[in-house]
Amino acid sequence: QVQLVESGGGLVQPGGSLRLSCTASGITLDYYAIGWFRQAPGKEREGVSCISVNDRDTYYKDSVKDRFTISRDSVRNTVYLQMNSLKPEDTAVYYCATSLLTRCGVANIRTRDFVSWGQGTQVTVSS
């Protein structure tokens, strides 16, 4: 049974940092492109970042470029999203998911290309 579990969310002040983790069981994350998505109240789920198989390429939503970094730890079967310089508009529930594709999109990542999802972790950026 495939299970993805996100952790690391919480309440942080603007300008602060968080590191989200996506840990898998029943599946080896190395074999999949992994995406991070977020959904704020009343808004559609949007793709934030993605890392391809073999880490050949990554994708970042424009608004998080130079602030967020995605990485993979094969030993721990975990994908991370390091989030720095957080802004109130980053507030959302963050989800990780495995992709049907081996590579990430260039312009965006689409929820319909991702199949196994975690339950999400809340990130709140507020003073």
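For the numbers below, each heavy atom of this structure counts, side chains included, while hydrogens, waters and symmetry mates do not.
In the displayed structure, E44 atom CD is contacted under 6.0 Å by at most 12 heavy atoms of other residues, nucleotides or ligands. Within a 6.0 Å sphere centred on OH of Y32, heavy atoms belonging to other residues, nucleotides or ligands number 12 at most.
Closest approach of T111 to W117, counting heavy atoms only: O-CZ2, 3.8 Å. Across every non-hydrogen atom of G35 and I109, the tightest pair is CA-CD1, 4.5 Å. Among all heavy-atom pairs drawn from N77 and I27, the shortest one is ND2-O, 2.8 Å. The shortest heavy-atom contact between L101 and S99 is N-OG, 2.9 Å. Nearest approach of Q119 to V5, heavy atoms of both residues: OE1-CA, 3.8 Å. The two residues A33 and S52 make their nearest non-hydrogen contact at CB-CA, 3.9 Å.
For the pair Y31/V53, no side-chain contact is recorded, criterion being any heavy-atom separation below 4.5 Å from C-beta on. When side chains are defined from C-beta on, K61 counts as touching E46, because their heavy atoms get closer than 4.5 Å.
T121 contributes a side-chain N or O that, together with a main-chain N or O of G9, makes up a donor-acceptor pair within less than 3.5 Å. A distance-only check finds no donor-acceptor pair linking the side chain of R56 to the backbone of T102 [under 3.5 Å]. Not a single donor-acceptor pair under 3.5 Å links the side chain of R72 to the backbone N or O of V79. Side-chain atoms of T91 come within 3.5 Å of backbone atoms of V125 as a donor-acceptor pair (strictly under, hydrogens ignored). The backbone N or O of T23 sits nowhere less than 3.5 Å from a side-chain atom of S21 that would complete a donor-acceptor pair. With E6 contributing its side chain and G120 its backbone, the two residues share a donor-acceptor pair below 3.5 Å.
Under a cutoff of 6.0 Å and an axis angle of 45°, R38 and Y94 do not form a cation-pi pair. Judged by the 6.0 Å distance and 45° axis criteria, R45 is positioned over the aromatic ring of Y95.
Remark: K87 does not engage D90 in a salt bridge, criterion side-chain N to carboxylate O under 4.0 Å.
Among D57, D113, D55, the one residue that satisfies the salt bridge (charged side-chain N to carboxylate O under 4.0 Å, His left out) test with R103 is D57.
One hydrophobic cluster, built from ILVMFWY side chains closer than 4.5 Å, cannot hold both L81 and Y59; they sit in different ones. Hydrophobic clustering (ILVMFWY, side-chain heavy atoms < 4.5 Å, transitive): F68 and Y80 are in distinct clusters. Grouping the Ile, Leu, Val, Met, Phe, Trp and Tyr side chains by contacts below 4.5 angstrom, directly or via other members, places L20 with V12.
Side chains of S74 and D30: a donor-acceptor N/O pair is present below 3.5 angstrom, by distance only.
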**Asked** Passes side-chain hydrogen bond (donor to acceptor under 3.5 Å, both in side chains), N84 versus S17? Steps please.
**Response** CA-CA 4 Å; N84 299 328; S17 298; 2.9 Å; yes

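To the nearest 0.5 Å, atom OG1 of residue T69 and atom CE of residue M83 are 11.0 Å apart. For the atom pair SG (C22) and CZ (R76), the distance works out to 15.0 Å, reported to the nearest 0.5 Å. Distance check, rounded to the nearest 0.5 Å: OH of Y60 to OG of S49 gives 4.5 Å. Between T98 atom OG1 and L29 atom CG the span is 8.0 Å, to the nearest 0.5 Å. We find the CD1-CD1 distance between I34 and I51 to be 9.0 Å, quoted to the nearest 0.5 Å. In this structure, the separation between OG on S116 and CG on L100 is 8.5 Å, given to the nearest 0.5 Å.
Between F37 and F114, the ring-plane angle classifies as perpendicular under the 30° and 60° cut-offs.
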